[in-house]
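For reference, the structure discussed in these notes is given below.
Predicted model only: the values in this text are computed from it and were never measured.
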Amino acid sequence: HDAPVDARVCPKFIVSSSKCDYLYCSSKEGSGAEHFEWAIDCGWFPLLCFALWLFAYVSREALRRRNMPRFAAADEVSKSVSFATGQAVVRQASPAGSVHFDQGATPVMLSRQVTEDTAANYATEQAPLFFTVRRSFETFAKGIYCRDTERLPIVLDRPYELNLSDLSAGPGENYEKSRVGPHRLAVTLRIALQWRTALGANLVNALGLMFLSSLFISFLRNAARHMHHEDYEYISLITKELGAVVGNLRTAVSMLLSFYALQRVSWYWEVLMEGHALQGRAHDIALIAGANAARETGDDWRARYLLYRLIMLCFFFGYQAFTPKLRFLGYDPLVNCGLLERAEAEALKLAHRAPGTVCESWTSQWIEAHLSKEARQQAYSSLREYRASIASIADLIEQRAPVSFESLLYVVVYALCAILPFAPSHIDFQNRQAVMQTAHVATCVGVALFCSFYLALLHMLRHLQAPFDDIGHPNDALNPLALMNFTERHLRDYLTAPAPGMSPLAPPAGTTGEAKGKKP
């Protein structure tokens, strides 16, 4: 209103901008400064979006390379995720050749041989505490009276399942003693935007779509300012029709994703709880055997030690096929840590189906030989349930959605995310002056939020198909080694703890003489 009257009068005496053929008036806006001002006003937000996308992309690549497995200095390592299984794949390339380390299969030799020791060393680096503890008969026979240095670790590097409280631990804190609660928004956002969580993994894609939306908004602003109103109506009509397509796709995506997400999350919890059921069955067998098997001679104690190792081997082999960091392992790490003997390893190599089935057979033979009457029947019942829990985990992992449904889900989600930047919401496209005046920042941010939600949910569902893959998605993966460690400590108590008022006095290794407990 402070401008001169003649500056607010249209040279063509058009009162309403909707009746003007061109909003850009060449008779009033012809200076270079005005063109530069318009370019800044129209281009600042796309440049900002591009800078954010570039920063996120470079940061993610740096984090990805920093978290790659360590090989020789001359090797180049890359990681991808299998679309079919959701498991991570690590590839190592070097001047002498390249090796493909598939987390869901044994190493495939491409141009040079990779020994089993290399694969075993890589796997033991992923779980150092579990495999570096040396089990022995002498330590086992000491029972609850063994030294602290001979005991199993109470907590491994990761719990069985991570949650927000675990991940909110600050520097110098472990998973069980974090001081920062997960209810704080800043802590929750920091966890959600980590590069291997579902939202953080798709942050680059979401920012890229926001940049694409900002470019399209800039195109609409220039079209509203410079194009003839009849030509602009065609563009506004196309954009409006794309908005209708987005509305229909949102309905389909919401229906399919809600149905599939509820089923897969329930399936994930079922896999988690089956691990606890497996743990309970192992405890039952050891509890029955600990109370009924003889412990009077060295041979009796060695029989208990054999049962202890057999239960743990069944547990280990039940999870090995589905856990990437265990899939590489041969028998040497198990022999080195004391859970397996060399002769037993040679026998397991001859198994028709899998080493776990042989260990289950050995366990049933142990029950037959060392238990009797009601204890034998109860132990057999627990062993059947133990075997059923191991088989249930394998059956659950193989449960997949039909190919037609899964492909349809991916198609509609990707189609929605591809069209969404070209159908900005809450904009009246026919009002050229409203389109031209602002950069519509909130609209572009909304595109990023919607796309990040859909893509993150799809990313999570894809990775949940491999619930033990802590290489591809460590924050959501289950850690069966923590469950094994917890079970192993229970087994030692059940099988070795003396009765009240009795001391164990276990015989040294290799003896078969009397070692009865006595009153202290």
Side-chain angles (χ1 to χ4, degrees), residues 43-69 76-91 103 167 185-219 246 249-250 253 257 261 409-425 439-466 469-477:
W44 72 269
F45 187 62
L47 290 176
L48 177 62
C49 292
F50 177 75
L52 291 175
W53 172 83
L54 186 62
F55 175 77
Y57 177 80
V58 173
S59 301
R60 179 174 172 80
E61 283 297 308
L63 288 172
R64 185 183 66 85
R65 294 185 180 278
R66 189 183 307 165
N67 287 272
M68 281 295 174
E76 294 182 0
V77 183
S78 62
K79 182 175 76 69
S80 61
V81 178
S82 171
F83 184 85
T85 64
Q87 289 192 341
V89 176
V90 177
R91 292 181 176 85
Q103 307 299 335
L167 294 174
L185 179 60
V187 177
T188 305
L189 286 178
R190 174 176 61 82
I191 296 172
L193 294 179
Q194 289 181 1
W195 75 287
R196 283 192 292 187
T197 57
L199 185 61
N202 289 275
L203 184 62
V204 174
N205 296 329
L207 291 176
L209 292 171
M210 184 174 71
F211 171 61
L212 189 61
S213 178
S214 67
L215 289 179
F216 183 70
I217 291 293
S218 296
F219 166 74
V246 166
L249 283 176
R250 278 182 179 173
V253 167
L257 271 181
L409 178 66
Y410 281 99
V411 167
V412 294
V413 172
Y414 288 148
L416 174 61
C417 293
I419 299 176
L420 197 58
F422 304 102
S425 59
H440 304 285
V441 175
T443 299
C444 298
V445 173
V447 169
L449 293 177
F450 273 112
C451 291
S452 62
F453 172 76
Y454 290 127
L455 293 176
L457 191 57
L458 198 64
H459 177 91
M460 182 195 70
L461 295 176
R462 177 163 62 97
H463 277 288
L464 285 184
Q465 296 169 1
D469 181 16
D470 64 343
I471 297 177
H473 58 122
N475 291 343
D476 298 323

side-chain hydrogen bond (donor to acceptor under 3.5 Å, both in side chains) pairs, two or more places apart, involving residues 45-63: Glu61-Arg64
Side chain to side chain contact (heavy atoms under 4.5 Å, CB included) against Ala423, all qualifying residues, sequence neighbours excluded: Leu242, Val246
Leu257 vs Val412, side-chain contact (heavy atoms from CB on, under 4.5 Å): CA-CA, chis, key distance, verdict: CA-CA 10 Å; Leu257 271 181; Val412 294; over 6 Å; no
By ring pair (Phe, Tyr, Trp, His ring centres under 6.0 Å) - contacts of His440 (at least two apart): none
Spatial distance of atom CG (Leu48) from atom CE (Met210) [nearest 0.5 Å]: 7.0 Å
His459 side, atom NE2; Leu464 side, atom CG - distance, nearest 0.5 Å: 9.5 Å
Sequence-distant partners of Asn475, side chain to side chain donor-acceptor pair (under 3.5 Å), two or more places apart: Gln194
Atom pair OG1/CG of Thr197 and Asn202 - distance to nearest 0.5 Å: 9.0 Å
CG on Leu455 to CG on Asn205, rounded to 0.5 Å: 6.0 Å
Flag side-chain contact, heavy atom, 4.5 Å: Leu409 against Leu458: yes
Check: Leu209 and Pro421 side chains under 4.5 Å, non-hydrogen atoms: yes
With sequence neighbours excluded, residues passing side chain to side chain contact (heavy atoms under 4.5 Å, CB included) with Ser214: Phe45, Pro46, Cys49, Phe211, Cys444
Listed partners of Phe216 passing side chain to side chain contact (heavy atoms under 4.5 Å, CB included), at least two apart: Phe219, Leu220, Thr239, Phe422, Pro424
Side-chain heavy-atom pair Leu249, Leu420 within 4.5 angstrom cut-off: no
Reported CG-to-CG distance for the pair Leu52 and Leu47, which is rounded to 0.5 angstrom: 11.0 Å
Contact summary for Ser452 and Leu199, nearest pair of heavy atoms: CB-CD1, 3.9 Å
Parallel, tilted or perpendicular: ring planes of Tyr414 versus Tyr410, cut at 30 and 60 degrees: tilted
CG on Leu416 to SG on Cys451, rounded to 0.5 Å: 6.5 Å
